[in-house]
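What follows is one structure encoded as structure tokens, with my remarks underneath.
Counting starts at 1 for both ligands and their atoms, following the listed order. These numbers come from a predicted model, not from an experiment.
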Amino acid sequence: MRQSFLFTRTSKESPKDETSYNARALVRAGFIDKVAAGIYTLLPLGLRVHQKICRIISEEMDAIGGQEVLMPALTPKESWQATGRWDSFGALFKLMGQDSREYALGATHEEIVTPLAKKFVFSYKELPVFIYQIQTKFRNEQRAKAGLLRGREFSMKDLYSFHTDKDDLSEFYKLAQKAYFRVFERCGLLDHTYLTFASGGEFSKYSHEFQTVTESGEDTIYVCGKCAIAVNEEIIEEQKACPNCGNKKLEKTKAVEVGNIFKLGTRFSRAFGFAYTDGEGGQHDVHMGCYGIGPSRLLGTIVEVYHDEKGMIWPDKVAPFKAHLIKVPGDHPGLSKAAEELYRNLEGAGIEVLYDDREDVSAGEKFADADLIGLPLRLVVSAKTMKKNSVEVKRRDEDKVELVALGEIVRRLS
Ligand SMILES: [Zn+2]
């Protein structure tokens, strides 16, 4: 994509009403636009990252048998009354329709997915089933802050699993944990993310969160250095040692909850009368689990973890483009032609490239923009590099600069 074509632009000023790093950097670099507190538009650069994160999540959910659906964001009051959550779910966005009926904007979808599965699943032969979606979710937060880390409207992948019994649920629960770690690995967050024990419910002692360590996190966790797992502060009084190895020297740190998984047991299947028939004709409640992960929150978290004083540093697999090609205005007859040709060749080879072809912008401003936007590779074509018939290559996360022959570079990046 040509940078001159982008309708968004970078800004030198940080937005004054944003306190979190992720919101300030993403707004400055033109990835997101703030509409109101906790409500953002994803701009072309931000949307590209979001789509990549969603694709990674979908692929990993499909790999463990997930079937994707899209449930409505607008949900009727009656569904929530069936589980008692119309009154007990504190952050539910409630609204009144012209038909004088009340609705909620979905904050989670157990109330929709359970009756949905009940329409198709009757026998043990049809279990287990794994249904997921990537949807916009709403939380009626008192105060929305921390940019994409805590919004009133945000994206969420929620998967729901349905099983004949506890053991089958436990087996899938472990499989889902592994799938989550593959997601974090591909998003570049594996080394910063801990499986964290949190409070369970009626059906299990614990639930599990995936917490990414960063100073800007709202949660406090206690990390076991030996096992790379952690305990959420909310249960540290009852769980003072590592649940895995018994280590009592846990390290307190701030973190962002980027995902969570929970054994729901029969809480929701009972509320909707969702039972199955076994081989002998007996009826049993279906066991359920739910598995959430927030793509928009992941996007903000990646920015919190990967940045320096100049701007963002995107991990390769979620960067909006792989390379930032910069044409530095200068005195060399072949410069423009060489830069254009390189851009076309990179695109032709399927390499995602943002091409800073702007004519009226200084080299210094272009470099500052490239650092702020933070694409993994910076390629510079200037009068100086043209003398050696080459392009200057630098990784965003390294200082080393290298000259590569113009004729070589596409092959090097492919
Ligand atoms: Zn441990």
Is there a donor-acceptor pair closer than 3.5 Å between any side-chain N or O of [X] and the backbone N or O of [Y]?
X: Thr75; Y: Ala104; result: yes
X: Thr385; Y: Glu392; result: no
X: Arg297; Y: Val258; result: no

Excluding water, the protein N, O or S atoms sitting under 2.8 Å from the Zn ion (ligand 1) are Cys224 SG, Cys227 SG, Cys242 SG, Cys245 SG
For the pair Arg55 and Glu60, find out whether any cationic side-chain nitrogen is under 4.0 Å from an anionic carboxylate oxygen.
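No salt bridge links Arg55 with Glu60.
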Apply ring-ring contact (aromatic ring centres under 6.0 Å, His included) to His109 and list each qualifying residue two or more places apart in sequence or on a separate chain.
none
When you measure from the centre of the six-membered ring of Trp86, is the NZ or CZ of Lys94 under 6.0 Å away and within 45° of the axis?
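Here Lys94 passes the 6.0 Å and 45° test against Trp86.
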